[in-house]
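What follows is a short report on a single structure.
The basis for the numbers below is simple: all heavy atoms, side chains too, and nothing from hydrogens, waters or symmetry mates. Quantities reported herein were computed from a predicted structural model and do not represent experimental measurements. Letters go in sequence order (proteins before strands), and every chain restarts at 1.
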There are 2 protein chains.
Amino acid sequence: MSLNDRKIQILQAIINDYIETAEPVGSRTIAKKYNLGISSATIRNEMSDLEEMGFIMQPHASSGRIPSDMGYRLYVDHLMKKRELSFEEQRYLQGIISRDISQIDYLMEETAKALSALTNYTTFISEPVGQRARIKQIRLLPLDMTSVLLVIVTEDNFMKNHVMKLNSIPDEERIFEIGMYLNRAFQGCALQQIDQTVIRELQFELGEYKGLLKPILKALQITMQAAERVQVHMSGAKNILAFPEFSDISKAKSLFQTLEEKDVLVTLLEECKSNDLHVLIGSENTVQSMKDCSVITATYKLSDDTRGTIGIVGPTRMDYSQVISVLNGMVQNIEKVLRSLSDNNKDG
Amino acid sequence: MSLNDRKIQILQAIINDYIETAEPVGSRTIAKKYNLGISSATIRNEMSDLEEMGFIMQPHASSGRIPSDMGYRLYVDHLMKKRELSFEEQRYLQGIISRDISQIDYLMEETAKALSALTNYTTFISEPVGQRARIKQIRLLPLDMTSVLLVIVTEDNFMKNHVMKLNSIPDEERIFEIGMYLNRAFQGCALQQIDQTVIRELQFELGEYKGLLKPILKALQITMQAAERVQVHMSGAKNILAFPEFSDISKAKSLFQTLEEKDVLVTLLEECKSNDLHVLIGSENTVQSMKDCSVITATYKLSDDTRGTIGIVGPTRMDYSQVISVLNGMVQNIEKVLRSLSDNNKDG
DNA sequence: TGTTAGCACTCACTTAGTTCGAGTGCTAAT
DNA sequence: ATTAGCACTCGAACTAAGTGAGTGCTAACA
């Protein structure tokens, strides 16, 4: 029993129909709707084979067939036609860039919103992260009589400001000197590398201003904390409720629970980061509450190692073809915006 | 027909029971469960009066009674007993502070999480915002050969960094001078006040470095944009699905939709900002999809005009007493953390 | 030998009818 | 003024029958 051409045609018909209607597909439906030139009886025989081979299954005896995870996998890997974006979809994606977005978190939110509106699935997106643990610059700025501003910039241009309040602060020149020293001392340094040796050296260098030591170390530690918390933005969670596969409230609830836990999403996105495109179908998901879902992720790159990921979650009966083409389009968009964002000030 | 003591006792019984069970309450239930010393027939007569007065209603003839929005209003304003926090609840709230939280957005997220876990309702919280439109400090910092860092601090210590890329940058001294000038020129200035006069003056002052003008204005504009986008964090949306009043998926969906639109939440929180505590019951809500919900908000203050708001959304059959006491506890907590956060570096 | 028409069978879903019980309102007695 | 008693209402839960989309199998056909 081999997967001949006809079987593939039938499987494709079943998947297409099921993605569209969410109803088990019967032999007569296929015979009528898709002109394969064979009778429903023949189709029944082929379907029986396809079931034996594991590509489709019956929710209960005497019902039509639905694709199995394995069926979807075959579809995604070999059968699916790459769809072109429609004019409207393209325009919609363009709309995101054309607006004047100048902050990353806003861009992320708008992107997630647009994707969930366009696909009717749930979207999440992680901010671009690269060499975040490595310090590029440290600067000190006197703010007023009792406070100094410490600015830390990491390799991937992630910035963190810290106002340090002190009872007495050094004069401007001295602050400048200390700032220069800090910058020299920590440039290119990984945050994790800061150990007792460095601290003692720093303490020595600060001299009479060693009161600064504690707040500086605190600021470094906070930056490290912040750097580790990758921001994830989600949108369109409500869409889940529209799918018949989640009309069982308890299922919807447990999926919601999972989606609300950012850690899970972060892990998921991190795992997929190495691939440009990643499709996880049903039981391929490691998280229990997502065994009925498919997750499609795409990675966007700002530079070779500064990357972020966009993910779309939906029922396994998901419009893979649409989602993949929309994701590809969106990745290009985001990369364009991010690039323009990092040099649109370069003009003087 | 007056609202005598007995009627009030019965109303209270109905509300308590309904909050607990979500089932319409009948006269016999009250007679058995709450020892009012009167028979079910008498209770029936009183209930008939209470219904006529508008405090309770029947979902359908020959069912028990449920409280009306007006009934809940009376309850919240006059009948409800202020609950003390249980030991566990207190410990839970303490848990938030005791952890080492040093970033506002993280604090907001953890607070929202804790509240939704504690109350089983949906929580949202807005970051503290005060004189955000007014500039406190502007600073310039040379970063490398082609970029200058512009730091803008607003009156409420909201900070925004901008890396300005330039083809050629002035030497350090000149940057310092320009920075000082900017600081003088813009200190105490509302972002909206920056008009053509200021710009011309600035352009003159920059002289040969007028290439800086455009990026600086851009940065100011971006800061203004960012300042206007009040961050709102939500948690526990999944809890909505657990309430029988939202077992109708379409209702749950439309509420979700509303909760996902941050603008709506921001407006809601802004409206309640002047009051310490604000309760909106059912139809008192202006948003259509929240007519079946109650919203309780509490305002926390960092200083006189730097405030944020915490809100809890649930069905009108909400445990007002618990939510209010938990909110009060949490407000105190947040204020404590925020205060410690703004001077915990003061020690040198 | 592959294909097809025909048929018996399965099973979820719908509809209508039935019963059950929690609840009410009214009335008459206390 | 209160209460016991009773007829009545109406949603919810259950049951039974009917419907129809679907299958698998068999026998006939090209």
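Salt-bridge formation is detected for the pair B:Arg73/B:Glu284: a Lys NZ or Arg NE/NH1/NH2 atom is positioned less than 4.0 Å from an Asp or Glu carboxylate oxygen. A salt bridge does not link B:Glu88 to B:Arg91: none of the charged nitrogens lies less than 4.0 Å from a carboxylate oxygen. A salt bridge does not link A:Glu245 with A:Lys251: every distance from a Lys NZ or Arg NE/NH1/NH2 to an Asp or Glu carboxylate oxygen is 4.0 Å or more.
In this structure, the CE atom of B:Met47 is 16 Å from the C1' atom of C:dC26, given to the nearest Å. To the nearest angstrom, C1' of D:dA21 lies 11 Å from CD of A:Glu23. In this entry the distance linking CD1 of A:Ile30 with P of D:dA21 reads 16 Å, nearest Å. When rounded to the nearest whole Å, the span between NE2 of A:His60 and P of D:dA21 equals 13 Å. Rounded to whole Å, the distance from CG on A:Asn45 to C1' on C:dT3 is 8 Å. The distance from atom CG of A:Asn4 to atom C1' of C:dT3 is 14 Å, rounded to the nearest whole Å.
Side-chain N/O atoms of B:Arg65 and base N/O atoms of C:dG25 include no donor-acceptor pair closer than 3.5 Å. Contact of A:Arg44 with D:dG24 (side chain to base): a donor-acceptor pair of N or O atoms is detected under 3.5 Å. For C:dT3, its base never sits under 3.5 Å from the side chain of A:Thr42 at any donor and acceptor pair.
Nucleic acid contact class of B:Thr29 (heavy atoms, under 4.0 Å, all strands): sugar-phosphate only. In this structure, A:Ala61 reaches the sugar-phosphate backbone alone: every heavy-atom distance under 4.0 Å involves primed, P, OP1 or OP2 atoms, never a base.
For B:Phe243 and B:Tyr121, the ring centers are positioned less than 6.0 Å apart.
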